[in-house]
Amino acid sequence: MIHHLQISRARLALILGGLAMFGPFSIDTVFPAFPVMAGDLGVGKVAMQQTISVYLIGYAAMSLFHGPISDAVGRRKVLLAGIVLFTLASVGAALATDMATMLAYRAVQGLSAGVGLIVGRAVVRDCLQGDDAQRLMSQISMIFGVAPAIAPVIGGWILGYSNWHGIFWFLAAFGALLLALTAWGLPESHPPENRVPLHPVTLARDYGSMLSNRKFRLLALAGTANFGALFLYIASAPDFVMGLLGLGVQDFVWFFAPTIGGMMLGAFVSGKAAGRVPGRRLVEWGFACCGVAAAYNLGYNALTDAPTLPWAVLPTALGAFGIALVFPIVTLALLDMYPRQRGGASSMQAFVGLLSNAAIAGLLSPLVSHDGLLMAVTSAAFTLVAWGLWRWYVVHSARVG
């Protein structure tokens, strides 16, 4: 184990936060360029959505393997290999002149982009214990929280000075910078004596034991459902911002800034509370904030026909604050259940979250995003389910120890 004095927490937070940004940057910086790319590549709007779909399929499929590979060969090698692959795929996408090539490189981006977030969480727990780990996880959440807000702005800014190829060149440069930072500043945190050989049968058995462990299941699903309440709004952002609020294509900031602000403030409070407030109490506070946000959202949308700023975005900001209080503690508790397979536990948590997000974006959002009250009801249902799962986890833990 790396003693926390050997590497500063600020450096760890910067590098691991940067690595966690790969995912949001890969999707959100490209959004403003969709119309131009569709024209250049000679495809329609539906085909452009496939650039997101193939990326997410690659991301989800590989998310089950990043962690266990890092449990077997070490964190650093897996991180460096993933960053190199992502950087090369970004160069390929920048040079693409037809849709088939673009989709192939987007798939490779997806296969490699999850490495930073998944292996990074395992690194946190390798390096730090208890309250220190919670503080670092909160700092990473704050850095990670900035990414979805600034990525579309960066994409739009690049389009103003260059063409859509410039966005992928930016992603390649971002990858190269993180490669240099990681190679220089991140030592190996998982020594050979702690490594677990990678065998398909063992991997299947490990994942089977995680999924059959009720405590793991309840916590993973509680964290996923809690985030689902907010992700419904993120996935429905075009309908919510332009359809329901009647704003323009440049006005997404009015939704994203308060929401990301709430999340960053929650992560900040979580870091400050580490060591002062018991983790379980902090989770209860987080769920209380999410509950108040859900109740307000239901009441507001039931009483108004036309939601308006700022009242319509207050619940997502408060909900994001609550989610950021809950998330670091739930994640660390999951990783601590499997100290020898932290990478695998992080992978499984990410995979469950990705499946949920894909279902929300692909199935649920199109059904409810046209109606403010329907969205509020659906979002509140996620919060209620998450809180119920958390209470079940608490009771079950007290019973089985």
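For the numbers below, each heavy atom of this structure counts, side chains included, while hydrogens, waters and symmetry mates do not.
The two residues L219 and A333 come nearest to each other via the heavy atoms CD1-CB, 3.5 Å. Of all heavy-atom pairs spanning G271 and S138, the tightest one is N-OG, 3.3 Å. Among all heavy-atom pairs drawn from P315 and N297, the shortest one is CG-OD1, 3.4 Å. Scanning both residues, A147 and M21, for their nearest heavy atoms gives CB-CG, 3.7 Å. Shown here for V196 and R340, the closest heavy-atom pair between the two residues is CG2-O, 3.1 Å. A pairwise comparison of heavy atoms in V119 and H66 identifies CG2-O, 3.9 Å as the closest pair.
Judged by distance alone, with hydrogens and angles left aside, the side-chain atoms of Q134 form no donor-acceptor pair with the main-chain N or O of I329 at under 3.5 Å. Counting only distance, with no hydrogens or angles, the side chain of R75 and the backbone of E188 share no donor-acceptor pair below 3.5 Å. With hydrogens and angles ignored, the 3.5 Å screen pairs a side-chain donor or acceptor of R217 with a backbone N or O of L211. Under the 3.5 Å distance criterion, the side-chain polar atoms of S347 are matched with a main-chain donor or acceptor of S63. Within the 3.5 Å criterion, the main-chain N or O of Y300 finds no donor-acceptor partner in the side chain of T304. A donor-acceptor contact shorter than 3.5 Å is absent between the side chain of R125 and the backbone of G343. A donor-acceptor pair is defined here as one N or O able to donate and one able to accept, closer than 3.5 Å; such a pair exists between the side chain of T182 and the backbone of L178.
Taking the ring axis of W184 as reference, the NZ or CZ atom of R11 stays within 45° of it and closer than 6.0 Å to the ring centre.
Taking the side chain as every heavy atom from C-beta outward, L230 and T259 approach each other to under 4.5 Å. In this structure, W164 and L41 have side chains that are in contact, with non-hydrogen atoms separated by less than 4.5 Å. Side-chain contact between F25 and L171 is present, with at least one heavy-atom pair separated by less than 4.5 Å. Between S397 and K215, some side-chain heavy-atom pair lies under the 4.5 Å cut-off. Counting heavy atoms from C-beta outward, I234 and I360 have side chains that stay 4.5 Å or more apart. Counting heavy atoms from C-beta outward, M242 and L247 have side chains that stay 4.5 Å or more apart. Using a 4.5 Å heavy-atom cutoff, the side chains of P258 and T316 are not in contact. Looking at Y59 and L354, their side chains come closer than 4.5 Å, going by heavy atoms from C-beta outward.
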Output a table of donor-acceptor pairs, distance under 3.5 Å, between side-chain atoms of residues 278-290 and any protein atom two or more places apart or on a different chain; print 'none' if there are none.
from: E284; atom 1: OE2; to: W390; atom 2: NE1; distance (Å): 3.1
from: E284; atom 1: OE2; to: R391; atom 2: NH1; distance (Å): 2.5

Which donor-acceptor pairs under 3.5 Å do side chains of residues 371-389 form with protein atoms, sequence neighbours excluded?
from: D371; atom 1: OD1; to: L373; atom 2: N; distance (Å): 2.9
from: D371; atom 1: OD1; to: L374; atom 2: N; distance (Å): 2.9
from: T378; atom 1: OG1; to: L374; atom 2: O; distance (Å): 2.7
from: S379; atom 1: OG; to: A229; atom 2: O; distance (Å): 2.8
from: T383; atom 1: OG1; to: S379; atom 2: O; distance (Å): 3.4

Let me have the donor-acceptor pairs involving side chains of residues 86-103, under 3.5 Å, with sequence neighbours excluded, atom names and distances please.
from: T87; atom 1: OG1; to: I83; atom 2: O; distance (Å): 2.7
from: S90; atom 1: OG; to: F86; atom 2: O; distance (Å): 2.9
from: S90; atom 1: OG; to: Q109; atom 2: NE2; distance (Å): 2.9
from: D98; atom 1: OD1; to: A100; atom 2: N; distance (Å): 3.2
from: D98; atom 1: OD1; to: T101; atom 2: N; distance (Å): 3.0
from: D98; atom 1: OD1; to: T101; atom 2: OG1; distance (Å): 2.9
from: D98; atom 1: OD2; to: T101; atom 2: OG1; distance (Å): 2.9

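Ring geometry for F255 against Y233 counts as tilted: the plane angle lies between 30° and 60°, on a 0 to 90° scale. Below 30°, between 30° and 60°, or above 60°: for F170 and F174 the angle between ring planes is below 30°, a parallel geometry.
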Next on the checklist: Between Y207 and F351, does the ring pair (Phe, Tyr, Trp, His ring centres under 6.0 Å) criterion hold? Intermediate values first, please.
Outcome noted: CA-CA 11 Å; Y207 279 153; F351 184 69; 8.2 Å; no

Checklist entry - Is there a side chain to side chain contact (heavy atoms under 4.5 Å, CB included) between S209 and Y338 once you walk through the steps? => result CA-CA 10 Å; S209 86; Y338 295 92; 3.9 Å; yes

Next on the checklist: side chain to side chain contact (heavy atoms under 4.5 Å, CB included) for I118 and M62? Distances and angles first, verdict last.
Outcome noted: CA-CA 10 Å; I118 292 165; M62 197 61 198; over 6 Å; no

Next on the checklist: side chain to side chain contact (heavy atoms under 4.5 Å, CB included) for L12 and L186? Distances and angles first, verdict last.
Outcome noted: CA-CA 7 Å; L12 261 181; L186 195 71; 3.5 Å; yes

Next on the checklist: Between R135 and L128, is the side chain to side chain contact (heavy atoms under 4.5 Å, CB included) condition met? List the steps.
Outcome noted: CA-CA 10 Å; R135 285 189 196 101; L128 299 170; over 6 Å; no

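Rounded to the nearest 0.5 Å, atoms CG (L179) and CG (L19) are 10.0 Å apart. Note that OG1 of T51 and CG of L56 are 9.5 Å apart. Values are rounded to the nearest 0.5 Å. With values rounded to the nearest 0.5 angstrom, L80 atom CG is found 12.5 Å from L85 atom CG. For the atom pair CZ of R106 and CG of L111, the computed distance is 12.0 Å after rounding to the nearest 0.5 Å. Distance check: I140 CD1 to T331 OG1 gives 10.5 Å after rounding to the nearest 0.5 Å. Atoms CG and CD, on D206 and Q341 in that order, are 4.5 Å from each other to the nearest 0.5 Å.
Sparse packing is recorded around CZ of F268, with 12 or fewer heavy atoms of other residues, nucleotides or ligands lying under 6.0 Å away.
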